[in-house]
Amino acid sequence: TVSVDGQTAASDVNADGRVLTVADLVYLVRVIVGDASPITKLSPYASNVDVFTKIDNGLISVCGDNSYPIGGALLIFKYEGDKPSIPELPASRAGMDMKYVITQSELRVLLMSYKSNLRIEPGHNELINIRSGNNCKLTLSEASFGGCNGEMMTARLKNGLIPDKYAVSQNYPNPFNPVTAIDLSLPVTSQWQLSVFNV
């Protein structure tokens, strides 16, 4: 019998309490290719990645400023209108692997390497490029990063990548002990209050 819950729990390769993350995938690939050993515990959220976009002659470049090497990234875009074009790897990402899927309202891009410890070094880095059409409104809605050693990294979306509606996200990790995080999407600066009730 296949246990989906058991398989999901087993995906927490880096033992940070979050399942099915880019950080878990990065470290799992490193263990499989043999350049890293299974570990007992990581310090989660060891570093930040500031994510922003540049637009030049219809080319949208997604960039990141990171102070720690990145092993992989998952970028999720929402779009309205025509489907977006196929994302492209910039020359600076030569050797990296990119997988993408375009659905009715989303473009998801996974950027990482299945080779031995190829990573995005610290600094200002161009991650992917997308050619924008006149009838496609594309917004980066979510970004997840894993450090080269499987650590979860905190992504901070910058310049114009502001949510377009209020939302409260599912807490993570769940279950948790002793702390959990609840993300809020705020399209404008505003006062807010979060009340938690014990059923």
Side-chain angles (χ1 to χ4, degrees), residues 2-52 61-77 86-101 106-130 140-157 169-177 179-181 183:
V2 174
S3 168
V4 174
D5 291 339
Q7 290 177 332
T8 301
S11 74
D12 187 14
V13 177
N14 63 9
D16 66 356
R18 295 189 64 191
V19 296
L20 301 172
T21 65
V22 173
D24 292 318
L25 178 60
V26 167
Y27 205 73
L28 178 61
V29 168
R30 291 200 57 206
V31 170
I32 290 171
V33 299
D35 73 347
S37 299
I39 53 172
T40 55
K41 186 68 177 168
L42 284 174
S43 173
Y45 306 103
S47 186
N48 298 323
V49 181
D50 291 331
V51 184
F52 57 95
S61 297
V62 179
C63 304
D65 281 327
N66 53 298
S67 59
Y68 186 81
I70 296 171
L74 174 64
L75 306 170
I76 301 175
F77 301 84
I86 295 171
E88 306 165 2
L89 283 177
S92 59
R93 298 283 69 83
M96 298 290 286
D97 297 297
M98 181 185 67
K99 304 290 183 192
Y100 70 92
V101 64
E106 279 187 345
L107 165 63
R108 292 174 166 258
V109 181
L110 176 66
L111 176 64
M112 63 176 298
S113 175
Y114 295 100
K115 299 173 185 73
S116 180
N117 203 16
L118 184 61
R119 55 191 172 184
I120 300 170
E121 294 298 335
H124 175 80
N125 291 288
E126 196 174 32
L127 302 173
I128 64 165
N129 296 320
I130 304 171
L140 179 61
S141 62
E142 188 178 332
S144 300
F145 292 88
C148 65
N149 290 312
E151 309 89 341
M152 248 345 246
M153 301 175 77
T154 301
R156 300 185 297 198
L157 303 182
S169 299
Q170 173 68 43
N171 70 305
Y172 61 89
N174 185 15
F176 63 91
N177 181 12
V179 296
T180 191
D183 292 336

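Bear in mind that the values here come from a model prediction, so they are computed numbers and not experimental data. Each residue takes its place number in the sequence, starting with 1.
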Partners meeting side-chain contact (heavy atoms from CB on, under 4.5 Å) with Val26 (sequence neighbours left out): Val22, Met112
If the condition is side-chain contact (heavy atoms from CB on, under 4.5 Å), which residues does Ala143 pass it with, not counting sequence neighbours? Val51, Leu75, Phe145, Ala155, Leu157
With sequence neighbours excluded, what pairs up with Glu126 under the salt bridge (charged side-chain N to carboxylate O under 4.0 Å, His left out) test? none
The side chain to side chain donor-acceptor pair (under 3.5 Å) partners of Asp12 (sequence neighbours excluded) come to none
Closest contact, heavy atoms only, Arg108 versus Ile76: NH1-CD1, 3.4 Å
Hey, are the side chains of Leu74 and Leu25 touching, using non-hydrogen atoms and a 4.5 Å cut-off? no
For Glu121, the side chain to side chain donor-acceptor pair (under 3.5 Å) test, sequence neighbours excluded, returns Arg119
Let me confirm one number: the CG-CG distance from Leu107 to Leu140, rounded to the nearest 0.5 Å. 9.5 Å
Taking C-beta and beyond as the side chain, do Ile130 and Phe77 meet within less than 4.5 Å on heavy atoms? yes
What residues, two or more places apart in sequence or in another chain, satisfy side-chain contact (heavy atoms from CB on, under 4.5 Å) together with Leu20? Thr8, Ser11
Identify the two heavy atoms, one from Asn174 and one from Gln170, that lie closest to each other, and give their separation to 0.1 Å. ND2-NE2, 3.0 Å
Test applied, side-chain hydrogen bond (donor to acceptor under 3.5 Å, both in side chains); reference residue, Asn66; option that passes from Asn48, Asn125, Asp50: Asn125
Just so I know, are the side chains of Leu127 and Val109 near enough to count as touching, which here means a heavy-atom distance under 4.5 Å? no
What is the minimum heavy-atom distance between Met96 and Gly71, and which atoms define it? CE-O, 4.5 Å
Kindly give the heavy-atom pair with the smallest separation between Tyr68 and Ser47, and that separation in Å. CB-OG, 3.5 Å
Evaluate the side-chain proximity of Ile32 to Tyr114: yes if any heavy-atom separation is below 4.5 Å, no if none is. no
Return the set of residues passing salt bridge (charged side-chain N to carboxylate O under 4.0 Å, His left out) with Asp97 (not counting sequence neighbours), or none when no residue passes. none
Atom of Asn129, atom of Ser61 and distance for their closest heavy-atom approach: OD1-OG, 2.7 Å
Donor-acceptor check, side chain of Asp5 to backbone of Ser3, threshold 3.5 angstrom: yes or no? no
CG-CZ distance between Asp24 and Arg18, expressed to the nearest 0.5 angstrom: 9.0 Å
Can you give me the closest heavy-atom contact between Ile128 and Pro90, atom names plus distance? CA-CD, 3.8 Å
